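Heavy-atom basis, side chains included; hydrogens, waters and symmetry copies ignored. Proteins come first, then strands; the chains are lettered A, B, ... in the order of their sequence lines, and each starts at number 1. Fair warning: this is a prediction, and the values are worked out from it, not measured in the lab.
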Amino acid sequence: MPDPSSSGAAPRVRFAPSPTGFLHVGSARTFIFNWLYARHSHGTMVLRLDDTDVERNTDASVQSIFEGLRWLGLDWDEEYRQSERIDLHRRSAEAIFTKGLAYRDFTPAHTADDNQSSGAQGAWLFNPGMREMSGEESDRRAAAGEPFALRYRVPRGEGRVLHFVDGVYGPQTKPADEVEDFALLRSDGMPTYHLASCVDDADLRISHIIRGQDHLTNTFKHLLIFEALDAPAPNFAHVPLLVAPDGAKLSKRKHGPVVSVTTYRDAGFLPQAFVNFLCLLGWSPKNDREFMSLEEIRELFTLDGVNRANAIVNIPLSMKDYEAFVPSPEQRLKIFELGRRAIEEAEIVRVMSEMDPDAEKPTPAHTGEVIDLREAVNRPPEHGLFDPKAVWLNAEHIRALPLDELSRDLEPFFLAAGFNPKPEKIEAVAPLIRERIKLLRDAVAAADFFFLDQLPPYDPAELIPQKGDAAMARRVLETALEVLAATNFDHDSLDQALRGAATELGLKAGQAFQPIRVAVCGRKNAPPLFETLVVLGRDVCLERIRRALANVA
RNA sequence: GGCGCUAUCGUCUAGGGGUUAGGACGUGAGAUUCUCAAUCUUAAAACCCGGGUUCGAUUCCCGGUAGCGCUACCA
């Protein structure tokens, strides 16, 4: 049996979430660190569901964890579930008991309250009555069916000192006398976390345990278990925790959905940006690099780049603010439904006008609602919910993405918002908005006018250029009508023609372009004009300018 | 309460016995541009406190303080 802790051999690491909730950003980071360590050194990544707590485990949680991990796009090589290995845990516990390294504790399970009331000063270490109980009495009471927990018989009064060298925190020591007789088996026969975790780590030959710093002091117990199992202790590395701005650990109740990985996905983070962000929290390549591809991070990643202090995730809003900001799931559902109906109606209108081009185009009944939809989706500047650095990194990664990939990633967000664009159209639009969006979902707001049949109502005053009046707006729009009708719809021709027209009108480019931009986009802030016109096409542009003209009167 | 871990700009961090304490995000100002972005320039912004050790501590040691963790038949 090879020593798993021996250096040289390819490491085996594991990520062992317990499915008691959604995939937490902190867990995700632990997973990422493990993955980086494994892949950096061509080792093996094991995924193990630590699902021994039947009370709290849910299938939904298992699904949520897989969903999150799948989105991250980081793979693993082996997969296990602790609940399928309970026999092994029990047998191991029995072996430890047989060796005399554990004893039965018949004390009824107590609650946290009991603990406090009995709580004199100093830590509870063991119950002498149980620890010293004779084998005969213990056997007799067990045979009589009295429930008991199995506790580790921690060596006492021997001056034994436990020690290990942590991959991040360095040498750690603790006198065994200060370690309490922790439980191995619960009175219902189920293994505790400590037992199950160590038995599995030993059995799966895990060589490096990389986990949250909250386990640093638990490690001494684990050392004892490995010893009782006659298994070599693996290497340990504890990584600092992720905390909220108030220093408290991130909780869904207090800090809202920002602690869930799927929230980032749904808001339009790129997984590589999310990974980039998380690994920068508590780890540094020490060369001032921040924006990195997965490959770069993997090559650069080492344990001694890991920091020892907890890192604050800079989320500026509380749960309450979040609710005010973002549509509830019900609202989102409604938005989606409205969008779907709007698409259907638009299709009907299209078919009708094909059959009878002269008929007056009916206004889709739901246009108004579509506009609400758009506003509801667009309103929340969701960036405010996330760490600004995460948002910035995401924008960087979006800009680094090849256009076809960007377009593909964008599509679901348009669909979810009720648009139904053709892939070619998205590819045409993507270059115009990629520098204007930070989250993928921003694209919906940034590009809506490309996909809307009809522009939502806007304030006609916006058509009026700087230092100009309605008459000037009219003149510009009328000229634009002529120019656009006569010019080739490509960037350079439009550039030349429109600039020429502006000069003829005696206007600066900026003045002349604003009315056209607003007429065509329905707002002042938009992508560059010529490119926009090209993507929109002549017909749409002319039609929108005509409408604007009717409004500016 | 006991034990442990930690402490550099608002946030993430680099650094390290002598430095103008570096970078990034964010923020302010400016430049550029057909708007918005993007980009560029620039500004403000930090070594928790107190003792040592030392010629000299932000860095090393001790103490304090604060935060976090463990102290469950949760993980």
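For A:Arg289 and B:G23, the shortest distance from a side-chain N or O to OP1 or OP2 is not below 4.0 Å. At B:C12, none of the side-chain N or O atoms of A:Asn307 fall inside 4.0 Å of OP1 or OP2 (strictly under the cut-off). Distances shown here put every side-chain N or O of A:Arg399 at or beyond 4.0 Å from the OP1 or OP2 atom of B:A37. Taking 4.0 angstrom as the limit, A:Lys438 places a side-chain polar atom (N or O) nearer than this to OP1 or OP2 of B:A38. Regarding contacts with the backbone of B:G15, a side-chain N or O of A:Lys286 is found under 4.0 angstrom from either OP1 or OP2. Taking 4.0 angstrom as the limit, A:Arg308 places a side-chain polar atom (N or O) nearer than this to OP1 or OP2 of B:U6.
Interatomic distance, A:Gln496 CD to A:His491 NE2, rounded to the nearest 0.5 Å: 11.5 Å.
Taking the centre and axis of the six-membered ring of A:Tyr80, the NZ or CZ atom of A:Arg85 falls inside the cone set by 45° and 6.0 Å.
Within the 4.0 angstrom heavy-atom criterion, base atoms lie near A:Asn218. Residue contacts for A:His215: at a heavy-atom cut-off of 4.0 Å it reaches a base atom on one of the strands shown. A:Pro388 comes within 4.0 angstrom of sugar-phosphate atoms only, judged by non-hydrogen atoms across all strands, and of no base.
On the C1' atoms, B:A46 is 4 Å away from B:C9, given to the nearest whole Å.
Between the side chain of A:Thr217 and the base of B:C70, no donor-acceptor pair of N or O atoms lies under 3.5 Å. Side-chain N/O atoms of A:Glu290 and base N/O atoms of B:G23 include a donor-acceptor pair closer than 3.5 Å. Judged by distance alone, with hydrogens and angles left aside, A:Lys389 brings a side-chain donor or acceptor within reach of the base of B:C12, the pair sitting under 3.5 Å.
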After noting the C-alpha distance and the side-chain angles of A:Phe386 and A:Phe277, does the key distance pass the ring pair (Phe, Tyr, Trp, His ring centres under 6.0 Å) rule? CA-CA 11 Å; A:Phe386 303 105; A:Phe277 167 66; 9.3 Å; no

